[in-house]
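In what follows, a single structure is set out as structure tokens and then discussed.
Reminder, nothing fancy here: chain letters follow the sequence lines and each chain counts from 1.
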2 protein chains.
Amino acid sequence: MSEEHTTEARILEAAKKVFITRGMAGARMQDIANEAGINKALLHYYFRSKEKLFETIFREIAQRFIPRMTAIFESDLTLFEKIEVFSSEYIDNVMKNPYIPLFVLNELNKQPDTFVKQVWGDKKPNIEKVVAQINEEVARGNIKPVHPLHLLMNLLAMCVFPFVAKPMLQGVTGLTNEQFTMLMEQRKKEVPRFIIESIKK
Amino acid sequence: MSEEHTTEARILEAAKKVFITRGMAGARMQDIANEAGINKALLHYYFRSKEKLFETIFREIAQRFIPRMTAIFESDLTLFEKIEVFSSEYIDNVMKNPYIPLFVLNELNKQPDTFVKQVWGDKKPNIEKVVAQINEEVARGNIKPVHPLHLLMNLLAMCVFPFVAKPMLQGVTGLTNEQFTMLMEQRKKEVPRFIIESIKK
DNA sequence: ACTTTTGTTAACCATTTGGTTAAACTAAAA
DNA sequence: TTTTAGTTTAACCAAATGGTTAACAAAAGT
């Protein structure tokens, strides 16, 4: 517990919480102020406007999540290793911040032009390496023929989707939170197993 | 083109459009009124409040999408057929209304207790039949051992995710809308192929 | 010591927003 | 032709909301 807790940090913390749970449109500056335990005017002292504050939060979140996920793709691991490591790391990561994916997807959909480019304007994720790697494995006859983009979409989809659909899944299955967590824990092995089983020869 | 176009219908049409694109929190009654080409007071004449109107829209949407998707699971098709039909039907369906899934997931997450139960309060989707079917196929040794819930999550994830992540995917890959559509068209065959390839013996 | 800068607050302001009211209009019934 | 019921509008209202101002406290220079 390092207790710096400067005012700006408290604001960012509060803003992150409120923005993530309520979204840009649903968040209220007053709520953020309350959550941070400060006056509302102080928000505008540190961050000129709601948009500025949101932008700060959004970029911080997006740039802490996306690079970590693409770093694995850019590494020197084998394809199967990448699939395994990605699933495990990513699901682990999201389990600690389950509301991030929907938040990002949502705001990205609502304001594509504003954010999409700014998110990875400088550090556009380089998936070409994995794509080449997949094509190569196919060419060598190590795995069955598969469109790289579909494969990557499948991987990402299977890791992320359960979290954004959690309320729906719980509505259908009646799963408790604990059961859901256990299911996601299993999933760290299940997803790569499922994928590899599908493409291996 | 049946041109009844009663005022109420125009309102519902406009509200659906605005709510889906902006979400409950982001939608403005005035926008809906403008979109419907009527006075704002008329909205309240037909639907007492914003919440009432939203509820109407949300339930209409959810109850037209979800039952259609579960009907396939409850049918008498073989497991492989179900996987194939579901993928094809569902992707087709979402291609015609690409913003629906994120809208539903989003509002379902923001107001779980309010909607989750009301959506399928009366017609809770019965996935037990497919679950039993999957277990049976495993027991008979027709497919490899697989946890039914994971399998169903995988199927749903692979069908839905690309649409909710479209801006992200386009940001990464630079895909045009036409290319994206083509990719989704392929996907109607690719998803079941991928899944069946994984579980078949 | 005092002056300048930085941090913080209460009170305030303008606009937006969901919602209401009363009056006007329309069309069909009496 | 007058009622009457439903439909539509302009004008209005109160609350909420993003943002500002002026005063004040606390550090930081000098």
When all nucleic acid strands are considered with a 4.0 Å heavy-atom cut-off, which category describes A:Y46: base, sugar-phosphate, or nothing?
sugar-phosphate
Salt bridge check, A:D31 against A:K17: does any charged N sit closer than 4.0 Å to a carboxylate O?
no
With hydrogens left out and only the distance checked, is there a donor-acceptor pair under 3.5 Å joining A:K50's side chain and the base of D:dG19?
no
Outermost DNA chain C nucleotides near chain B [under 4.0 Å, heavy atoms]
C:dT17 to C:dT21
In chain order, what residues pass the ring-ring contact (aromatic ring centres under 6.0 Å, His included) check against A:H147, with sequence neighbours excluded?
A:H150
Yes or no on side chain to side chain donor-acceptor pair (under 3.5 Å) for A:K166 and A:N177, after CA distance, side-chain angles and deciding distance?
CA-CA 9 Å; A:K166 186 185 173 197; A:N177 285 333; 3.1 Å; yes
Working note: B:Y90 + B:F86, criterion ring-ring contact (aromatic ring centres under 6.0 Å, His included); need CA distance, chi angles, decisive distance, verdict.
CA-CA 6 Å; B:Y90 197 66; B:F86 180 91; 5.2 Å; yes
Side-chain touch B:E84/B:I196, heavy atoms, less than 4.5 angstrom
yes
Taking atom P of D:dG18 as reference, at what distance in whole Å does atom CG of A:N39 sit?
14 Å
For the pair A:R10 and A:E13, find out whether any cationic side-chain nitrogen is under 4.0 Å from an anionic carboxylate oxygen.
no
Would you indicate what B:A27 reaches in the nucleic acid, counting non-hydrogen atoms under 4.0 angstrom: base, sugar-phosphate, or nothing?
sugar-phosphate
Interatomic distance where CZ belongs to B:F47 and C1' belongs to D:dT7 [whole Å]:
15 Å
